[in-house]
There are 2 protein chains.
Amino acid sequence: MQETQPKYALVYQRLRDKLTEGRFPVGSRLPTEEQMSSEFEVSRITIRRALEQLVSEGYVNRRQGSGYSVIALSPPQQNCLSSFTDMVFRSGATPTSRLLSIREIVPANPLTFPLPRDLVDHGPLLQIRRLRCIDDKPAMLVSTWLAKSEIGDVRPEDFPETGTGQSILRILQEKFSLTWDAACEEISPIAADSEAAQLLAIDVGMPILKQACIAFGKNGKTVFYEDLLRAGTIVFESFALRRQAPESIMKRPLND
Amino acid sequence: MQETQPKYALVYQRLRDKLTEGRFPVGSRLPTEEQMSSEFEVSRITIRRALEQLVSEGYVNRRQGSGYSVIALSPPQQNCLSSFTDMVFRSGATPTSRLLSIREIVPANPLTFPLPRDLVDHGPLLQIRRLRCIDDKPAMLVSTWLAKSEIGDVRPEDFPETGTGQSILRILQEKFSLTWDAACEEISPIAADSEAAQLLAIDVGMPILKQACIAFGKNGKTVFYEDLLRAGTIVFESFALRRQAPESIMKRPLND
DNA sequence: GAGTGGTCTAGACCACGAA
DNA sequence: TCGTGGTCTAGACCACTCC
């Protein structure tokens, strides 16, 4: 795991760690680019590249002539590559995971199996189903599909139900050395079937969101497929081309 | 409108235009960075900045040692700042817009009105409701909210029902000089009420998506608020931190 | 006017991919 | 091996903010 990382990535991580540790409170100013440049002993260009990532993720805001200010200690993005576990922890609540099942599935007809083709072609698949909860209240039903040939055997003990280790993204990276760097996601409205309704503690037929996500590796191959069912709302923030977080914050909820 | 733009933005536009005009077919290779550098008479750094945007938007893919290849002639992103009109045109279908109503609304109680506070504080609001269709089939019900003080009077003639001019984003920019550069979006599952069901030609109670979007100006102030109701699916692609579009393309639908 | 980010350049060396 | 993108630097000048 000790790969050499580019400087900008290291600088980014160190800055982000400082942020999440609370070294820079929300609203405070970051040092100037020049100061950070000498602190980290890299050029201003490299500092800027690290800062760009922080800006695009919604941690800090930047204004010409004024500098960088902290707007959040955790990123607001909710997509299938952001960790539900981390998000819930940062919000101050406690996430838990109930492992529902681990199944090995051999698609009868690979051509019609409703998963990305190159994943199905790997042979037997593993399906891991988990119920994610926030403060013990059901929040999300997750099915993760992987090629068995890529990760070998998995056991229930590989999927902790509490703590930071319950993050499937971390489990896949750290226990099974799976990595990815892009994804494609679809969001659809569906009606809760009886199983989803029971697990999510809602009524059958209630409208819920289905998030279907494919994660791709560097070579463009599918690394895993995941679908999530959730009753709540998904938030995307500051996704403009030239991303820049707003100075003002919303004063009231969007939905009446 | 003739503001001076940075070089990288101009290069980006010229490259994107070449793409959308079909000068570089899908699958073809772009010239090398060095070649483009001399063609556009800018440094390699500047070329890279323009290319980065094309990569992050999903137009082209890049591979070290191999070069840039074209993967799409239009961006796959579907968010409230991407033009529905353009998306439909590029897919080969014909978009139309039915203007349902233009209303002036003075919130009785600004504190409880379910819109961003700084928008409500501007005084009277304009609400523009339109039904967007694809090949005359209803696809999306859109309500756009603006501060009347920012744009003055609007007339039905300002909202063409056909052609590229029907894009509300273009209308706001070109006819009313509104600009924005960031946004925040929420997606929720709801059940279609009788009005939405009738307009979208679906059954009452069917699950649909509600997209609520706030667009922010450079100063962080809300420029407009928009909510969309749609029965279909929303797609987000290649939104990883280090964005990189996959080489392989999905072979089958995500939903069974 | 001083400070700060925004843009741009020329040049260097490295890592990966393909022939 | 060679071409290509990936990373990094020092230095310059401009535009904006704030005093």
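Just so it is clear, the structure is predicted and the values come from calculations on it, not from any experiment. In what follows, chains carry the letters A, B, and so on, assigned in the order in which the sequence lines appear, proteins first and then strands, with residues in each chain numbered from 1.
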Quickly work out the [X] [atom1] to [N] [atom2] distance and round it to whole Å.
X	N	atom1	atom2	value
A:Q64	C:dG3	CD	P	17 Å
A:L54	C:dG5	CG	P	14 Å
A:R63	D:dC16	CZ	C1'	10 Å
B:E41	C:dC8	CD	P	14 Å
B:E33	C:dA10	CD	C1'	15 Å
A:Q35	C:dG3	CD	P	11 Å
B:E34	C:dT9	CD	C1'	14 Å
A:I47	D:dT7	CD1	C1'	15 Å

Would you say [N] has OP1 or OP2 under 4.0 Å from some side-chain N or O of [X]?
X	N	result
B:S66	C:dG17	no
A:Y8	D:dT7	yes
B:T46	C:dT9	yes
B:K7	C:dT9	yes

Legend entry - Which residue lies more 5' along DNA chain D, comparing B:R48 with A:I45 via nearest heavy atoms: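 It is B:R48 whose nearest nucleotide is closer to the 5' end.
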Legend entry - Derivation and outcome, side-chain contact (heavy atoms from CB on, under 4.5 Å), residues B:D153 and B:K148: CA-CA 7 Å; B:D153 282 320; B:K148 184 156 191 245; 3.5 Å; yes
Inset, instruction - For the pair B:R14 and B:D17, find out whether any cationic side-chain nitrogen is under 4.0 Å from an anionic carboxylate oxygen. - result: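 Answer for the salt bridge query: no.
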Legend entry - Carboxylate-amine/guanidinium contact B:E39 B:K18, below 4.0 Å: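 Judged by the 4.0 Å cut-off on N to carboxylate O distance, B:E39 and B:K18 do form a salt bridge.
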Inset, instruction - Can you check whether any acceptor in the base of C:dG6 is under 3.5 Å from a donor in the side chain of A:R44, or vice versa? - result: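 Indeed there is one.
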Legend entry - N/O donor-acceptor pair, side chain A:R49 with base D:dG6, under 3.5 angstrom: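 No.
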Inset, instruction - Give the intermediate values and the outcome of side-chain contact (heavy atoms from CB on, under 4.5 Å) for residues B:Q53 and B:Y59. - result: CA-CA 9 Å; B:Q53 197 169 335; B:Y59 286 99; over 6 Å; no
Inset, instruction - On DNA chain C, check which nucleotide each of B:S43 and A:R29 is closest to and give me the residue with the more 5' one. - result: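 The 5'-side residue here is A:R29.
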Inset, instruction - Start with the C-alpha distance between A:I168 and A:V142, add both sets of side-chain angles, then the distance that settles side-chain contact (heavy atoms from CB on, under 4.5 Å), and finish with yes or no. - result: CA-CA 10 Å; A:I168 188 93; A:V142 188; 5.8 Å; no
